[in-house]
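Atoms within each ligand, like the ligands themselves, are counted from 1 in listed order.
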Amino acid sequence: MITKNLAVLFSGNGSNLENLYLKLHNKVFDNCKIDFKIAISSRKNAYGITRCENIGLKCEVLSSKDNKENYDLKLLDILSPYNIDLVVLAGFMRVLSDRFIDAYTTINIHPSILPLFKGANAIVESYQSNMKVAGVSVHYVSSELDSGELIDQDTIKKIDGEELESFKNRIHNLEYEIYPKAILKVLL
Ligand code: GAR
């Protein structure tokens, strides 16, 4: 049996983080055990920190206003003791430096059919667009925002007259389905 060590970076609510942890942590897939070692929040008031306490995942806060390079050096310092195989971004609202990306295989989830609707407002932009479908993407992280090779995507049909809240919930539910599968696809 081999073990794959994961780290999660987040900035806010942490619902993807919690979903991933509950579905994958300490579980074995094809003779490979998944071990979430640590989470790091870029915001000290993120609700995800409370989720980490509740589920028993060690969490550190790195909310420095440093530039990208200095911030990422601190991230690398925090991660260095854990022998991390994969870094998972789950609502981490910072762009990572080349130095970080060269050090760790890093993947991200984004709530749109990339390359459409990059950035922090993807769900609303996708909701307001005239497209008939919406979706989510999982991709390797590059040094450009919400870019990098795609790992998986999935879509939902838009429903005429649907409220934004209901649309958001359907997008998040799709994220909870696709992200654990994409992680296993990368690791196995
Ligand atoms: C998720 O919808 C994720 O796809 C998005 O942030 C949300 C975090 O929610 N990420 C991005 O927009 C990346 N550009 P969560 O904190 O509840 O998991």
Checklist outcome for this item: Residues passing the side-chain hydrogen bond (donor to acceptor under 3.5 Å, both in side chains) test with Arg99, sequence neighbours excluded, are none
Checklist entry - Should the pair Asp152-Lys181 be classified as a salt bridge under the 4.0 Å nitrogen-to-oxygen rule? => result no
Item to check | Any donor-acceptor N or O pair under 3.5 Å, side chains Ser97, Glu69 | outcome: no
Short N or O separations between ligand 1 and the protein, below 3.5 Å:
from	atom 1	to	atom 2	distance (Å)
ligand 1	2 (O)	Glu175	OE1	3.0
ligand 1	2 (O)	Glu175	OE2	3.0
ligand 1	4 (O)	Ile109	O	3.4
ligand 1	4 (O)	Glu175	OE2	2.3
ligand 1	14 (N)	His110	ND1	3.0
ligand 1	14 (N)	Asp146	OD1	3.0
ligand 1	14 (N)	Asp146	OD2	3.3
ligand 1	16 (O)	Asn13	N	3.4
ligand 1	16 (O)	Gly14	N	2.7
ligand 1	17 (O)	Asn13	ND2	3.2
ligand 1	17 (O)	Ser15	N	3.0
ligand 1	17 (O)	Ser15	OG	2.5
ligand 1	18 (O)	Ser15	N	3.4
ligand 1	18 (O)	Asn16	N	2.9
ligand 1	18 (O)	Asn16	ND2	2.9

Item to check | Residue pair His25 / Ile34, side-chain heavy-atom distance below 4.5 Å | outcome: no
Checklist entry - ring pair (Phe, Tyr, Trp, His ring centres under 6.0 Å) with Tyr176: which residues, sequence neighbours excluded? => result none
Item to check | Selection residues 35-60 - residue pairs positive for ring pair (Phe, Tyr, Trp, His ring centres under 6.0 Å), sequence neighbours left out | outcome: Tyr21-Phe36
